[in-house]
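To start, the structure itself, in structure tokens.
Remember, it's 1-based here, ligands and their atoms both numbered in the order they're listed. One-based numbering along the sequence shown.
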Amino acid sequence: IPRTSPATTGVRYLSASIQLTDLAPRVREFVEEHVKILRPANVHVCDGSSEENQSMVKLLQDIGRLKKLDKYENCYLAITSPEDVARVEKQTYVCTTKKEDSVPTPAPRVESVLGNWKDPQEMDKEMESKFQGSMEGRTMYVIPFSMGPLGSKLSKIGIQLTDSEYVVASMRIMTRMGRGVLDVLKDGSFVKCVHSVGYPLSEGQKDAEWPCNKKKLAIVQYPERNEIKSFGSGYGGNSLLGKKCFALRIASTIARDEGWLAEHMLILGLTNPQGVKKYIAAAFPSACGKTNMAMLTPTIPGWKAECVGDDIAWMRFNEEGRLMAINPENGFFGVAPGTNTGSNPNAMGTIFRNTIFTNVASTSDGGVFWEGLEKEVPADVSITSWLGTKNWEKLTDHEKKEKPAAHPNSRFCTPTSQCPVVDPDWEDPRGVPIDAILFGGRRPRTIPLVYEANSWNHGVFVGASMRSEATSAASDFKKGGLLHDPFAMRPFFGYNFSHYLQHWLRLQHTPGVQMPKIFHVNWFRKSDGKFIWPGFGDNIRVLDWIFRRCDGEDVAQSSPLGLIPKEGTINTEGLGPIDMASLFQMPKEELREEAAVMEDYFEKQLSGDIPAEVRQELEQFKGRVDAL
Ligand code: GTP
Ligand code: SPV
Ligand code: MN
């Protein structure tokens with residue numbers, strides 16, 4: 001491997017404990033093949049040791065990409081380019097030989113909103129031209145990582161090549177990474193992940209503060225080959241390839257073929273005052289409350305909530321027919337704004353050690369700040385916004401709204417093991433048994449606080465019909481408008497959504513299985529522009545009702561959408577005045593509109609491929625609305 005002089009590029013090399021010659025043949029071949037294309041100045045195989053991490057973080061500080069936050073223990077701040085702050089759905093592709101394996105066929109003259117397909121060979125050519133020499137003047141890091149506990153039968157291994165030190169340091173938090181993975185892998189097969197920020201350095205060229213390449217962005221999944229190629233972005237879901245690209249897009253395809261589920265879901269353990277424990281999984285779209293619910297602090301005395309995962313669940317039936325879930329991740333990549341001691345004390349108890357913050361504001365006492373922390377920073381500190389505005393605290397309220405201190409999609413990247421309420425079984429290689437699956441989203445009107453699906457088929461229809469207000473987690477949409485986001489998976493399907501529905505419907509026919517109950521929740525109902533429901537820790541009141549439904553208690557009554565709580569069966573003790581009636585109001589005209597929107601969406605997006613069961617559930621829903 002050619003080594004340019006470190007002095008010419010400013011790049012410093014880390015001492016390597018793993019040599020290329022130590023690698024198993026398949027891994028070595030993958031690396032060497034890409035060295036020829038990417039032409040890095042150096043190659044470093046990550047062993048995952050703390051010494052390696054310390055040098056990596058030192059290097060990141062030397063090149064100015066991380067700033068140490070002196071107020072905390074081993075915490076750092078990264079500020080990205082303002083052009084590289086969220087996932088990019090329009091430039092995200094799934095490439096399969098046949099188009100219909102990736103995306104459903106929409107009705108004539110309708111554009112699909114359920115994923116972008118491209119022919120794999122055509123995409124290979126495009127990507128190869130982007131990748132030619134794209135690591136010149138940089139180090140290529142080789143990251144062996146495991147999604148799921150190392151060695152669990154439910155886990156899968158990937159190897160990511162990257163030219164971003166920020167990615168290496170973040171992957172060390174988000175995944176189990178390093179030498180141990182190579183030992184488990186031996187010469188087995190792995191998901192091949194190639195990532196470049198797309199900003200090569202010629203001799204003597206000064207690096208960008210946050211190298212990226214917006215013009216040539218592409219995030220590409222090849223499910224038939226278990227390969228991922230990502231170019232041009234250093235941000236979260238675009239660059240930490242174990243997360244959305246692997247654990248959702250690639251894994252959902254593997255799961256289809258092997259009869260399990262890879263979902264955008266949190267996993268939470270709940271113990272009631274009688275000491276009975278159940279686990280639930282919940283799918284809410286990006287920035288709609290998964291991390292918060294995963295770490296919930298119950299406001300009803302006697303309840304305990306414990307966190308298994310906050311973003312992704314891999315679920316598979318065991319021999320006893322129980323749906324067992326693992327969290328394939330090792331860290332939280334959580335939304336910072338809104339996090340505070342009131343809303344999420346457990347996140348606050350997690351994030352001030354060994355954490356990388358991205359695009360939050362910093363304070364003059366070496367700390368961090370974001371919207372929601374107003375009451376938790378000392379009065380005399382000055383705040384520098386993520387965009388570099390000094391004395392941000394002195395701006396007018398109007399200016400503060402226009403130019404928030406932290407980017408709305410700013411994040412913390414922190415180890416799961418540090419969570420004060422991490423579940424004792426969160427790394428159990430067998431997973432935890434799931435009793436209920438929740439869907440939800442931001443619905444200011446029409447959709448009640450909670451309802452239960454009438455059956456598994458109805459539950460699949462409920463998941464398919466999900467809509468939610470757009471958030472800052474994806475850069476392609478204006479905040480606020482209602483977007484379809486079936487199963488909270490719209491940006492993450494690795495295969496045709498119509499086939500995905502069939503897969504979900506099929507699961508109930510697996511011999512001897514016990515299906516979880518399905519519910520829909522909505523913490524975001526508004527009146528006069530304000531949330532009606534207090535949310536956060538008070539969501540335990542809804543979970544308590546769900547728990548009782550799982551035990552078969554007679555606390556539900558029918559409604560057009562599904563089973564809703566009988567009057568007085570949601571525990572509101574100690575809540576103060578709350579307009580429960582508004583939370584459950586379902587005006588006939590709004591339900592009609594809801595049904596019409598669903599029908600239009602299915603017909604336009606799935607055209608002739610709407611599964612019969614889903615069509616039937618839609619007709620039944622329309623019938624129930626008409627009968628009102
Ligand atoms: P991703 O990491 O993007 O997948 O997001 P997420 O689903 O984990 O969302 P998260 O829990 O980070 O919440 C996003 C935003 O929703 C934050 O600003 C929270 O403060 C807010 N939020 C979460 N739960 C509630 C709730 O129960 N009520 C209200 N009103 N807001 C909430
Ligand atoms: C999401 O957008 O759902 C996230 C953040 O969890 S990212 O990793 O950027 O996809
Ligand atoms: Mn997410």
Side-chain angles (χ1 to χ4, degrees), residues 80 84-89 92 167 170-171 174 219 230 233-249 263-268 282-297 299 307 309-313 329 331-340 342-344 346-348 351 358-359 370-373 404 406-414 438-444 449-450 468-477 479 485 488-492 521-526 530-543:
T80 71
D84 194 19
V85 293
R87 282 181 293 100
V88 286
E89 292 182 20
T92 299
V167 166
S170 303
M171 284 289 281
M174 295 305 296
I219 318 295
S230 166
S233 168
Y235 192 84
N238 301 327
S239 70
L240 312 177
L241 301 188
K243 195 171 177 56
K244 300 301 163 82
C245 303
F246 179 165
L248 289 177
R249 300 193 190 100
E263 300 295 333
H264 192 202
M265 291 180 181
L266 68 92
I267 309 165
L268 171 68
F284 310 150
S286 301
C288 290
K290 287 184 301 301
T291 301
N292 278 272
M293 186 162 145
M295 300 181 194
L296 168 115
T297 304
T299 56
C307 175
D310 80 325
D311 199 52
I312 299 176
E329 301 191 280
F332 306 120
F333 187 63
V335 178
T339 308
N340 59 47
S343 64
N344 193 346
N346 291 319
M348 295 295 279
I351 59 179
T358 301
N359 291 342
W370 49 73
E371 280 61 26
L373 279 184
H407 186 277
N409 190 41
S410 56
R411 301 257 167 182
F412 50 76
C413 178
T414 195
L438 276 52
F439 297 122
R442 293 176 181 262
R443 296 298 305 263
L449 180 63
V450 59
S468 189
E469 286 181 322
T471 65
S472 308
S475 50
D476 307 286
F477 305 100
K479 253 182 92 171
D485 197 345
M489 282 286 282
R490 185 204 63 249
F492 310 120
V521 297
N522 178 22
W523 318 138
F524 300 94
R525 190 106 180 210
K526 282 184 177 170
K530 287 204 189 85
F531 293 121
I532 307 174
W533 182 249
F536 302 101
D538 283 314
N539 292 333
I540 190 66
R541 300 170 187 279
V542 173
L543 296 174

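- A distance of 7.0 Å separates CZ of Phe492 from CD of Glu89, quoted to the nearest 0.5 Å.
- In the model, Thr92 has no side-chain atom that pairs as donor or acceptor with a side-chain atom of Arg249 under 3.5 Å.
- A donor-acceptor pair under 3.5 Å is absent between the side-chain atoms of Asp485 and the main chain of Pro285, judged by distance alone.
- With Asp310 contributing its side chain and Phe332 its backbone, the two residues share no donor-acceptor pair below 3.5 Å.
- Ranked by closest heavy atom to atom 17 (C) of ligand 1, the top entry among Pro337, Gly334, Ala474, Ala282 is Pro337.
- Polar contact with ligand 2: absent for Lys243 (N/O pair, distance under 3.5 Å).
- What you find for Asn238 and Ala86 is that their closest heavy atoms are ND2-O, 3.1 Å.
- The shortest separation from a heavy atom of Pro285 to ligand 1 is under 4.0 Å, placing the residue in contact.
- When Asn292, Asn344, Val521 are ranked by how near their heavy atoms come to atom 10 (P) of ligand 1, first place goes to Asn292.
- For a threshold of 3.5 Å applied to N or O pairs, the pair formed by Tyr235 and ligand 2 contains no separation below that value.
- At distances below 3.5 Å, not a single donor-acceptor pair connects side-chain atoms of Arg442 with backbone N or O atoms of Glu469.
- No side-chain donor-acceptor contact under 3.5 Å links Asn359 and Ser410.
- Among all protein heavy atoms, the one lying closest to atom 4 (O) of ligand 1 is Lys290 NZ, 2.8 Å.
- Here Thr358 contributes atom OG1 and His407 contributes atom NE2; the two are 12.0 Å apart, rounded to the nearest 0.5 Å.
- For a threshold of 3.5 Å applied to N or O pairs, the pair formed by His264 and ligand 2 contains at least one separation below that value.
- Atoms of ligand 1 found under 4.0 Å from any heavy atom of Thr291, numbered from 1 in the order shown, are 6 (P), 8 (O), 11 (O), 12 (O).
- Looking at Asn539 against ligand 1, only its side chain comes within 4.0 Å, counting heavy atoms.
- The minimum heavy-atom distance linking Ser343 with Gly338 is given by the pair OG-O, 2.7 Å.
- Listed by atom number, the atoms of ligand 1 under 4.0 Å from Asp311 heavy atoms are 4 (O).
- Heavy-atom contacts of Ser286 reach the following atoms of ligand 2: 1 (C), 2 (O), 3 (O) (cutoff under 4.0 Å).
- Contacts of Ser286 with ligand 1, taken as heavy-atom pairs under 4.0 Å, involve both backbone and side chain.
- Closest heavy-atom approach to atom 2 (O) of ligand 1 among the candidates Arg411, Met295, Arg442: Arg411.
- The proximity of Asp311 to ligand 2, defined as any non-hydrogen pair under 4.0 Å, is limited to the side chain.
- Between Gly236 and ligand 2, not a single N/O pair is under 3.5 Å apart.
- Side-chain atoms of Asp311 and Lys244, non-hydrogen and from C-beta on, do get closer than 4.5 Å to each other.
- The shortest contact between atom 1 (C) of ligand 2 and any protein heavy atom is with Lys244 NZ, 2.8 Å.
- For atom 9 (O) of ligand 1, the candidate residues are Ala473, Gly289, Ala347; the nearest heavy-atom contact is made by Gly289.
- Looking at Cys288, Pro285, Gly237 and measuring to atom 7 (S) of ligand 2, the nearest heavy atom belongs to Gly237.
- Contact annotation for His264 and ligand 1: only side-chain heavy atoms (C-beta onward) come within less than 4.0 Å of the ligand.
- Side-chain contact between Leu438 and Leu543 is present, with heavy atoms from C-beta onward closer than 4.5 Å.
- With Lys290 contributing its side chain and Phe284 its backbone, the two residues share a donor-acceptor pair below 3.5 Å.
- Of the N or O atoms in Phe536, one or more lie within a sub-3.5 Å distance of an N or O in ligand 1.
- Legend: residues meeting side-chain contact (heavy atoms from CB on, under 4.5 Å) with Thr339, ordered by chain and number and at least two apart, are Asn344, Ala347, Met348, Trp370, Phe412.
- Residues passing the side-chain hydrogen bond (donor to acceptor under 3.5 Å, both in side chains) test with Trp533 are Asn539, sequence neighbours excluded.
- Remark: Arg525 pairs with no residue by the side-chain hydrogen bond (donor to acceptor under 3.5 Å, both in side chains) rule, at least two apart or across chains.
- Of all protein N, O or S atoms, those under 2.8 Å from the Mn ion (ligand 3) number 3.
- With distances taken over non-hydrogen atoms, the option nearest atom 29 (C) of ligand 1 out of Phe412, Phe284, Phe524, Trp523 is Phe524.
- The main-chain N or O of Val85 is found under 3.5 Å from a side-chain atom of Asn409 such that the two form a donor-acceptor pair.
- Within the structure, the closest approach of Ala287 to ligand 1 falls below 4.0 Å when heavy atoms are considered.
- Considering all non-hydrogen atoms of both residues, Ser286 and Arg87 come closest at OG-NH2, 3.0 Å.
- Near Ala473, meaning under 4.0 Å from any of its heavy atoms, are these atoms of ligand 2: 2 (O).
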